Amino acid sequence: MNTRAEVLEVLVRLGFPPAGLTDGERLTDLGIDSTEMVEIVVALERRFGFRLRAGAEEDLDTIGDLVACVEQQVPQLTTGA
Amino acid sequence: MTGVAITGIGCITPYGTGADALWAGVSAGTSAVTEIDRFDASSYLCSAAGQSPFDADEHLAPRLVKRTDRFTHMALVAVRHALTDAGVAVGREVAGDRTGIMVGNVLGGWEFAERELRKLWVEGPRAVSPYQATAWFPAAPQGNVCIDQGIRGPARTFVADRASGAYALAAGAESLLRGQADVVIAGGVEAPLSPYGWLCVETSGLMVKPRGGQQPADLYRPYDGGHNGTVFGEGAVFLVLERVEDAARRGARVHGELAGWGRSTDGYMPYYTVEPTGQVLGRAMRTAMDMAGVDPGDVGAVFGHGSAIPVEDVTEAYAVEEVFGTGSVPVTAPKAAFGHLMGAAAPADVVIALRGMAAGLVPPTPNVRRAAPGVDLDLVTGEGRTVEGWDSTLVVSRGLGGVNAGLLVRRGHDDGGSTR
């Protein structure tokens, strides 16, 4: 499974219908507020084993940003290491 | 006119969803008390309860379900049903600013809370849902209902032990009569069926102490010589309240009226018992009747608190006797068939009373074999009792330490009976 699919799987487990989860979809348009953002970030941290710097989630605007964030935090996911 | 019209009913009870299911169960005397299968309750004092078959996932979006406790789920759906039954949509028939919500609740949302607190101790603070802070506390249903319905008027949650729902109904009616809102949704909710919630109920000292060989349906015995504590249940019951003239103006179907209410507090030590003569409780009952302009002889039935806790049963009987005279009014506690719903108990009794008056049938109190010493009441047992011209009911509700409430409910005259 690639990183993107795994990120989407985490979101679906948090109650998001798969249909709306495209890379360009803005998180605010999905109705995600700061509390739900904390839930999403922690779920991704636990799934992929990283710890995001406090406040870094404020720079994440879209689903694509979430995927890129995970890939940046866990480089071996993209390098295949 | 001092009362308010009841124009909508929404119910989730151990019988299922809707007032029809509740009425069918209690009028037939069918027990909805079963062994708890939600969690392993075998090591608790009582492992039987009134469990509702309600499944939140059938009614609510997953992102709403995940951030709220079961008591909020039940409240949200019961309120939706009550508004549908009333033919009221907030923002259409009534402005959000002119709509209020009053909720009675005792325990809060422990199913959610204890799951998250376990994560706190086992996995650390990062593992705890960020919704924990807002999911557990007793006002959570109130807030979520406001969001769900666009309610922006008066909103309050009452925590007054088992009388919480009665306090919410009285406050809802007062809010209307003071002109603070045009529609108020009032009622109560309780979801005690989680391992810690159930422990709270056990340590309250109110829970029944089963005797060997008793089946779940036999445990809850209000006013009976074998009374030994309460069997509790879960549910949500909400009513749509409007001023009588407003309901008439919009041509609403009126199920009945909340015509009077009275409250009193025992202020008695030790705090875990009640004032022993029943006089302070009697004052709440009399206040409700006086407000409605109803004499004792006009009351067709009393729906008792009926906790089956000996000191509460006996003092309640004293209070009824003092207000009505000995054996002069039929008394029933149909809640023994499905469990005491705590925050939702008094609203459930109001719904049963409305349906009973419409049908002319006082539903029975289950499990009364022989009245307890000191209980000299005209108890309705067996298959219930047909009553002609029954127009008014007194609902009695009490909480720990003698938090007392009486509600005078008047029947509706254009109630076709069918509610959700």
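Below, chain A is the first sequence line, B the second, and so on; all start at residue 1. This is a predicted model, so every value here is computed, not measured.
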For a side chain to side chain contact (heavy atoms under 4.5 Å, CB included) check, start with the C-alpha distance between B:R126 and A:R51, then their side-chain angles and the critical distance, and finish with the verdict. CA-CA 10 Å; B:R126 197 79 176 155; A:R51 180 74 182 260; 3.4 Å; yes
Contact part of A:I40 toward chain B, heavy-atom cut-off under 4.5 Å: side chain, backbone, both or neither? neither
Flag yes if more than 12 heavy atoms outside B:F137 fall under 6.0 Å of its CZ atom; otherwise flag no. yes
Taking atom CD of B:E123 as the centre, report whether more than 12 heavy atoms of other residues, nucleotides or ligands fall under 6.0 Å from it. yes
Selection from B:A127, B:A133, B:S129 maximising heavy-atom pairs under 4.5 Å formed with chain A: B:A127
Identify the residues of residues 89-114 of chain B whose heavy atoms come closer than 4.5 Å to a heavy atom of chain A, ordered by number, or report 'none'. none
List the residues meeting salt bridge (charged side-chain N to carboxylate O under 4.0 Å, His left out) with A:E36, not counting sequence neighbours, and say none if there are none. B:R63, B:K66
